[in-house]
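For reference, the structure is listed below as structure tokens.
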Amino acid sequence: MRSSTETAVDPEAALPGRILSLWRTFRIGARAEPRLLTLSLGIALLMMLPDALLAVWLKLLVDGIDQRQSSKIMTAAIATAVSVTLTWYLSVVSQRVQRKFRDRIAIVMESHVANLQASVPTIEHHERPEYLDRLAMLRDQVFTLDHMFMSLFSTLGWMFRLVITAGLLASVHPALVLLLLCALPAFWVSTWRPAVENRVEEAAIGNTRLARHLFTLGTSAPPGKEVRITATAQWLVDARRSAWEAWYRPVSRTRIASALWHCAAWAVFAAGYVVTIVFVADRGRGTTAGDVALVLAAGLRLARYVGNTAGELGFLRGFWLDASRRLTWLEGYAARSAATAVGPAPDRLVSGIQLDHVSFHYPGTDRLVLDDVTLQLPAGSVVAVVGENGAGKSTLVKLLARMYAPTSGRILVDDADLAGMNVVAWRQRLAGAFQDFFRFEFRAQRTVGVGDLPRLDQVPAARAAVDRAGAGDVIERLAAGLDTQLGPTWDQGAEVSFGQWQKLALARGFMRDDPLVLILDEPTAALDAETEHALFEQFAAAARRGASNGRVTVLVSHRFSTVRMADLIVVLDGARVVEVGSHDELITRGGPYSQLYEIQAAAYRR
């Protein structure tokens with residue numbers, strides 16, 4: 001069975017779809033800042049007129065000098081001064097208005113992308129390589145999506161100038177408009193070039209992600225000790241350079257090829273421009289010196305306008321459109337992944353949670369991580385899930401938390417299909433801590449309190465969670481207790497060890513008082529086995545005391561010797577459940593659990 005998001009590859013690949021993507025992105029800005037957008041566009045168009053008319057004033061000036069008419073000379077001089085002044089003044093005003101508009105739109109766009117990623121109920125987009133590549137490109141471009149609006153304004157302005165310049169050329173002779181045809185190859189290549197280069201860059205984006213990762217390894221503090229002890233600094237430098245060159249080589253070849261086409265296209269325009277000058281200069285008495293000057297100036301400006309228009313359109317097509325397309329893809333992905341189930345989550349468990357022939361493989365792979373798992377987690381029980389690394393323990397937890405949906409089979413909560421419950425409502429019934437926890441570098445109060453956002457700053461709730469997690473010793477060692485800023489990179493920030501961070505993450509997981517499911521996914525892996533066992537004993541005892549709502553506590557560990565207190569022990573091996581029972585039952589049975597328990601226990605006795 002395929003993931004529903006697996007088929008959602010690139011709905012905006014065709015040009016009409018790209019234009020639609022651009023329009024949808026434009027609407028975000030229009031809704032956020034309609035007044036500033038209108039003002040920016042109006043000024044951008046207005047400032048083009050005096051600039052485009054400079055060729056007319058040059059013609060008037062040359063004719064006035066040639067004909068010795070001081071009135072023409074004075075008119076041309078005044079008009080030129082007014083045009084230059086207006087162009088400068090409007091340019092300054094436009095820069096100020098557009099800067100304000102861009103600053104506000106940048107915040108809107110950045111927030112929009114962050115909200116979209118956070119709103120997806122699953123974590124597939126954080127783990128699937130092709131999605132990570134897209135999101136990496138989007139993250140690089142989101143800070144410049146605001147430029148899209150400036151690029152649109154500039155494009156319209158340059159097109160406005162093109163129309164005026166074409167009219168000026170036609171005023172000398174209608175045939176001169178054909179010079180625009182000579183500009184078409186340059187126009188086409190300029191719009192085609194960025195799109196081609198961008199496709200090649202995107203195809204190799206995985207190498208830039210690797211290069212960035214290697215750079216972080218070589219320059220950040222956490223891996224610094226290992227890098228120095230293992231003397232891997234030069235190896236990291238070489239590996240980063242290799243990854244960067246793997247990206248740059250195809251990009252460089254494409255850029256060179258497109259540059260050659262670009263030169264050839266502009267050579268066509270140059271030839272047309274020379275022919276135009278010769279044609280005008282060779283018209284005899286019907287041509288004035290001012291006409292020649294107008295064509296010279298208008299032709300040069302035409303080249304500039306065509307180049308700038310094509311350049312802006314090239315950016316829009318090759319970069320801004322691609323950024324808009326990725327944003328549209330993310331919007332569509334978030335919409336398709338949005339929780340559509342509306343079923344309520346129960347307030348208490350009666351029978352418990354049942355996995356009914358559940359199988360699962362991660363999107364993009366065919367290897368089953370869980371294979372036909374059928375399991376009953378009784379209400380009010382403490383369940384330990386054990387197994388070697390890679391046995392599927394964390395995947396089982398992800399399915400219970402609805403980070404993924406089963407590839408096949410069902411998860412039933414009191415006989416109701418978990419897939420039919422509203423995911424937000426279900427997650428509000430969950431609590432727990434994970435081995436891949438995040439270090440929230442806030443004040444200790446908030447580092448713990450974020451586990452239950454409505455009680456973020458409630459000190460009694462945080463202290464209760466710290467006590468449940470056995471993290472009181474961590475708080476006691478902090479200079480200001482729960483008011484201590486964590487993280488040495490902040491002013492007066494405290495240095496906290498990995499094990500202490502893990503205890504704080506565990507306390508964060510205990511912020512909710514009455515969860516239906518408490519998940520502890522190797523939350524004490526940084527601690528020794530004896531300490532872990534003592535904490536698990538404490539957690540299990542607390543779970544039994546407070547399980548009036550039928551709470552199921554799931555303890556995940558690869559240490560068999562630390563989960564003896566569990567009511568039910570589930571042994572996973574090779575994606576399958578191989579044994580289920582209490583510690584005494586499994587030891588008596590003499591199966592895989594008993595054998596592995598004895599092996600680990602013997603290792604600890606040495």
First locate atom CG of L46, then atom OG1 of T87, and finally report the distance between them rounded to the nearest 0.5 Å.
9.5 Å
Heavy-atom pair with the smallest gap, counting every atom of W490 and Q485:
CD1-NE2, 3.5 Å
Evaluate the side-chain proximity of R104 to K100: yes if any heavy-atom separation is below 4.5 Å, no if none is.
yes
So which heavy atom on V268 is nearest to which on P185, and how close?
CG1-CG, 4.2 Å
Validation row: W88, V92 side chains within 4.5 angstrom (heavy atoms)
yes
Quick one: does any side-chain atom of S252 pair with a main-chain N or O of R249 as donor and acceptor, under 3.5 Å?
no
Please evaluate residues R209 and H213 with respect to the criterion side chain to side chain contact (heavy atoms under 4.5 Å, CB included), reporting the C-alpha separation (whole Å), side-chain torsions for both, the decisive distance (0.1 Å), and the verdict.
CA-CA 6 Å; R209 282 205 296 124; H213 174 66; over 6 Å; no
I'd like to know if the side chain of E441 and the backbone of G493 have a donor-acceptor N/O pair within less than 3.5 Å.
no
Which heavy atom of A170 sits nearest a heavy atom of V177, and at what distance?
CB-CG2, 3.6 Å
Does any part of the side chain of V93, heavy atoms only, come nearer than 4.5 Å to the side chain of Y89, both counted from C-beta?
yes
Taking the inter-plane angle between the rings of W247 and W244 on a 0 to 90° scale, is it parallel (under 30°), tilted (30 to 60°) or perpendicular (over 60°)?
tilted
On a heavy-atom basis, which atom in V189 and which in A265 lie closest, and how many Å separate them?
CG2-CB, 3.8 Å
Would you call D457 and R443 a salt bridge, using N to O less than 4.0 angstrom?
yes
Hey, are the side chains of D452 and P454 touching, using non-hydrogen atoms and a 4.5 Å cut-off?
yes
At what distance, to the nearest 0.5 angstrom, does CD1 of I43 lie from CG of L90?
7.0 Å
Gap separating the CZ atom of R455 from the CZ atom of R512, nearest 0.5 angstrom:
10.0 Å
Counting distance only, does the side-chain N/O of R402 pair as donor-acceptor with the main-chain N or O of M421 below 3.5 Å?
yes
Taken to the nearest 0.5 Å, the spacing of E245 CD from N207 CG works out to 11.0 Å
Could you tell me whether the side chain of I73 reaches within less than 4.5 Å of the side chain of L61, counting heavy atoms only?
yes
Using a 3.5 Å distance criterion without hydrogens, assess whether the side chain of R427 forms a donor-acceptor pair with backbone atoms of A401.
yes
Does atom OH of Y248 have more than 12 heavy-atom neighbours, drawn from other residues, nucleotides or ligands, at distances under 6.0 Å?
no
Any heavy-atom pair between the side chains of V200 and P250 that's under 4.5 Å?
yes
Out of curiosity, I78 CD1 to S83 OG, how far, rounded to the nearest 0.5 Å?
12.0 Å
Nearest heavy-atom approach of W501 to G487 is CZ2-N, 4.5 Å
Backbone N/O of Y362 and side chain of T365: donor-acceptor pair under 3.5 Å:
yes
For L418 against L399, the heavy-atom pair lying closest together:
CD2-O, 4.0 Å
Between T447 (side chain) and F440 (backbone), is there a donor-acceptor pair under 3.5 Å?
yes
Rounded to the nearest 0.5 Å, the OG1 atom of T484 sits from the CG atom of L486 at a distance of 7.0 Å
Might you work through the side chain to side chain contact (heavy atoms under 4.5 Å, CB included) test for V97 and S40, ending with a clear yes or no?
CA-CA 6 Å; V97 172; S40 297; 3.3 Å; yes
